[in-house]
Amino acid sequence: MQEPLLGAEGRDYDTFPEGPQSPGPGARPGVLQSKKVFLATFAAVLGNFSFGYALVYTSPVIPALERSSDPDLRLTKTQASWFGSIFTLGAAAGGLSAMLLNDLLGRKLSIMFSAVPSAIGYALMAGAQGLWMLLLGRMLTGFAGGLTAACIPVYVSEIAPPGVRGALGATPQLMAVFGSLSLYALGLLLPWRWLAVAGEGPVFIMVLLLSFMPNSPRFLLSRGREEEALRALTWLRHTADTQDVRWEFEQIQNNVQRQSSRVSLAEVRDPHMYRPILIALLMRFLQQLTGITPILVYLQPIFDSTAVLLPPEDDAAIVGAVRLLSVLIAALTMDLAGRKVLLFVSGYAMGWGPITWLLMSEILPLRARGVASGLCVLVSWLTAFALTKSFLLVENAFGLQVPFFFFAAICLVSLVFTGCCVPETKGRSLEQIESYFRTGRRSFLH
């Protein structure tokens, strides 16, 4: 194994300087340099808005359909559990497809492709005449959500400079929470069919904006499209002179060339390859075991079964607002406090919500990033399906306290896992993070 390059001279991503990494000559740090990165990120994370909106669609809709006068649409408890949970099966299938599409079409085109099942799914639910249309529409929006969940964090991490990657890496979760809050707010005003119609809007805006955005320079270089990659990086760094980004481009190019071949089964057994993948998988697994998906999917029915003073729909909207504020604080502090600190001291919306998505995209090795991110999403949503499908059944049999005690125990396990296994990636380039796993410098973890 390659030895740590502790004494190497020059600006090489295979070293880990203790101070901030120099951006190289001609670079213009700050908001001006990152303006177009912000625009490209916003275009991409509209897919997360749609994902968050679709995820909690059932929260106000299940109570409405349980009281429906139409016998073809009236839901029993078992049907309601399927309506709530089948989204996660679709998301798992979307994560599985991302293992192929992420590297075949590229990150940007994969995100744009997700608009097709999303638009069809919303249309089916808006015009539903029976349970099968509701379930199929729910599964298709879940497929789109799983695809974007695997592709968007990778796209954002690959286009963002290290200084703002933490803040931008939190935007997928921020927009997902904003999408959920929008659904809760519209649920106070619109009937359930019109909620599905309203979900079409962000999908079309996302496709329109992304059509003007560049693909990831790292993906373009992995396909041998060097001139297009340089143009993309130049545009993203908001400069007309390619010399301003030449140093960064060369570092990305060198890293891509080192990893141009496909990962073999023998290489997967190498710790520098399987360790970051295993960490990412366990983070996504534990994130779901905290119970966030069934809580959000059944938020209004949960409040229905408690003795809260406000109407359940108002309580759901308040939870959405608190989640949005928490994720916004995380986005603003992540590059200052660090990822690991927030995982320890904050709740889900400030820690395990946004940071697990960011860390997944940061630590996965480039050669396996497309496949591994899809695998992480697949594991995540299969876990979410098991929890979401069983949640109502467990609640009816044993009461709310049993699942919530289980979720609390998982949170304690997650703290131990964070302390033992999760690296701090604040202020590091993707190449530096990958080089850490290759060289095994333990000091980088602390």
Side-chain angles (χ1 to χ4, degrees), residues 44-58 82-122 124-125 135-157 172-173 175-177 179-180 183 199 202-203 206-207 210 277 280-281 283-289 292-294 296-297 353-354 356-358 360-361 364 368-389:
V45 297
L46 282 173
N48 292 105
F49 179 96
S50 183
F51 165 74
Y53 187 98
L55 174 65
V56 302
Y57 176 75
T58 51
W82 275 110
F83 187 44
S85 62
I86 201 169
F87 178 94
T88 59
L89 279 184
L96 190 63
S97 70
M99 296 169 69
L100 173 66
L101 295 178
N102 230 343
D103 291 327
L104 182 65
L105 299 180
R107 289 57 156 140
K108 188 187 87 165
L109 289 181
S110 296
I111 298 168
M112 296 176 72
F113 174 76
S114 72
V116 176
S118 185
I120 295 173
Y122 280 127
L124 281 169
M125 290 189 290
L135 295 180
L136 181 58
R138 186 91 172 120
M139 177 171 273
L140 286 173
T141 54
F143 180 91
L147 182 57
T148 56
C151 299
I152 292 174
V154 175
Y155 178 74
V156 171
S157 71
Q173 180 73 7
M175 288 297 282
V177 172
S180 297
L183 185 283
V203 176
M206 177 193 74
V207 173
L210 274 178
I277 295 175
L281 280 171
M283 288 193 73
R284 302 294 293 124
F285 179 64
L286 290 171
Q287 183 201 46
Q288 286 296 346
L289 284 182
I292 187 62
T293 299
L296 293 178
V297 167
T356 51
W357 290 105
L358 172 62
M360 179 189 78
S361 62
L364 291 177
R369 194 168 293 159
V371 172
S373 63
L375 181 61
C376 288
V377 172
L378 174 65
V379 168
S380 173
W381 290 112
L382 286 177
T383 307
F385 170 73
L387 289 173
T388 309
K389 184 67 180 71

A.B. asks: So how far is it from Met139 CE to Leu124 CG, rounded to the nearest 0.5 Å?
C.D. replies: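 Going from the CE atom of Met139 to the CG atom of Leu124 covers 12.5 Å.
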A.B. asks: Taking the side chain as every heavy atom from C-beta outward, state whether Val297 and Val56 have any pair of such atoms under 4.5 Å apart.
C.D. replies: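 Answer no - side chains too far apart.
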A.B. asks: Determine the minimum heavy-atom distance between Ala44 and Tyr155, stating which atoms define it.
C.D. replies: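 Reported closest heavy-atom pair: CB-CD2, 3.8 Å.
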A.B. asks: Looking at every non-hydrogen atom in both residues, tell me the closest pair between Ala115 and Val207 and how far apart they are.
C.D. replies: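 Reported closest heavy-atom pair: CB-CG2, 3.3 Å.
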A.B. asks: First locate atom CE of Met112, then atom SG of Cys151, and finally report the distance between them rounded to the nearest 0.5 Å.
C.D. replies: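 Taking CE in Met112 and SG in Cys151, the distance rounds to 12.5 Å.
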A.B. asks: Could you tell me the separation between the CG atom of Leu89 and the CH2 atom of Trp82, rounded to the nearest 0.5 Å?
C.D. replies: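 With rounding to 0.5 Å, CG (Leu89) is 6.5 Å from CH2 (Trp82).
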A.B. asks: Please evaluate residues Ile86 and Lys389 with respect to the criterion side-chain contact (heavy atoms from CB on, under 4.5 Å), reporting the C-alpha separation (whole Å), side-chain torsions for both, the decisive distance (0.1 Å), and the verdict.
C.D. replies: CA-CA 8 Å; Ile86 201 169; Lys389 184 67 180 71; over 6 Å; no
A.B. asks: Ignoring hydrogens, what is the shortest heavy-atom contact between Ala280 and Leu364? Give both atom names and the distance.
C.D. replies: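 Nearest heavy atoms, Ala280 then Leu364: CB-CD2, 3.8 Å.
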A.B. asks: Any side-chain heavy atom of Phe51 sitting closer than 4.5 Å to one from Met175?
C.D. replies: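 Not in contact.
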A.B. asks: Of all the heavy-atom pairs spanning Leu140 and Gly121, show the shortest one and how long it is.
C.D. replies: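 The answer is CB-CA, 3.9 Å.
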A.B. asks: Might you point out which heavy atoms bring Pro202 and Leu46 nearest each other, and give the distance in Å?
C.D. replies: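 Closest pair (atom of Pro202, atom of Leu46, distance): O-CB, 4.3 Å.
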A.B. asks: Measure the CG-OG distance between Leu105 and Ser110 for me, rounded to the nearest 0.5 Å.
C.D. replies: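 Those atoms lie 4.5 Å apart.
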A.B. asks: Verify, without hydrogens or angle tests, whether Arg107 (side chain) and Ile152 (backbone) share a donor-acceptor contact under 3.5 angstrom.
C.D. replies: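 Not at all, since once roles are kept as given, no pair shorter than 3.5 Å links the two residues.
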A.B. asks: Can you tell me how far CD of Gln288 sits from OG1 of Thr293, rounded to the nearest 0.5 angstrom?
C.D. replies: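 Reported to 0.5 Å precision, the distance equals 3.5 Å.
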A.B. asks: How long is the span from the OG atom in Ser97 to the CZ atom in Phe113, to the nearest 0.5 Å?
C.D. replies: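 Those atoms lie 7.0 Å apart.
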A.B. asks: Are the side chain of Thr383 and the backbone of Val379 linked by a donor-acceptor contact shorter than 3.5 Å?
C.D. replies: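 Checking the backbone N and O of Val379 against the side chain of Thr383, a donor-acceptor pair under 3.5 Å is found.
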A.B. asks: Using atom types as modelled and distance alone, determine if a side-chain donor or acceptor of Ser50 lies under 3.5 Å from a backbone N or O of Gly47.
C.D. replies: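 Looks like no, no N/O pair under 3.5 Å.
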A.B. asks: Can you name the nearest heavy-atom pair linking Phe385 to Ser85, along with the distance?
C.D. replies: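 For Phe385 versus Ser85, the nearest heavy atoms are CD1-O, 3.4 Å.
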A.B. asks: Among residues at least two apart in sequence or on other chains, which ones pass side chain to side chain contact (heavy atoms under 4.5 Å, CB included) with Ser114?
C.D. replies: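 Here the qualifying residues are Ala144, Leu147, Thr148, Met206.
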A.B. asks: Indicate the ring-plane relationship of Trp381 and Phe87, choosing parallel, tilted or perpendicular according to the 30° and 60° boundaries.
C.D. replies: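 Trp381 and Phe87: perpendicular rings.
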A.B. asks: Please tell me if the side chains of Tyr57 and Arg138 come closer than 4.5 Å, counting only heavy atoms from C-beta onward.
C.D. replies: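 Contact flag for Tyr57/Arg138 side chains = yes.
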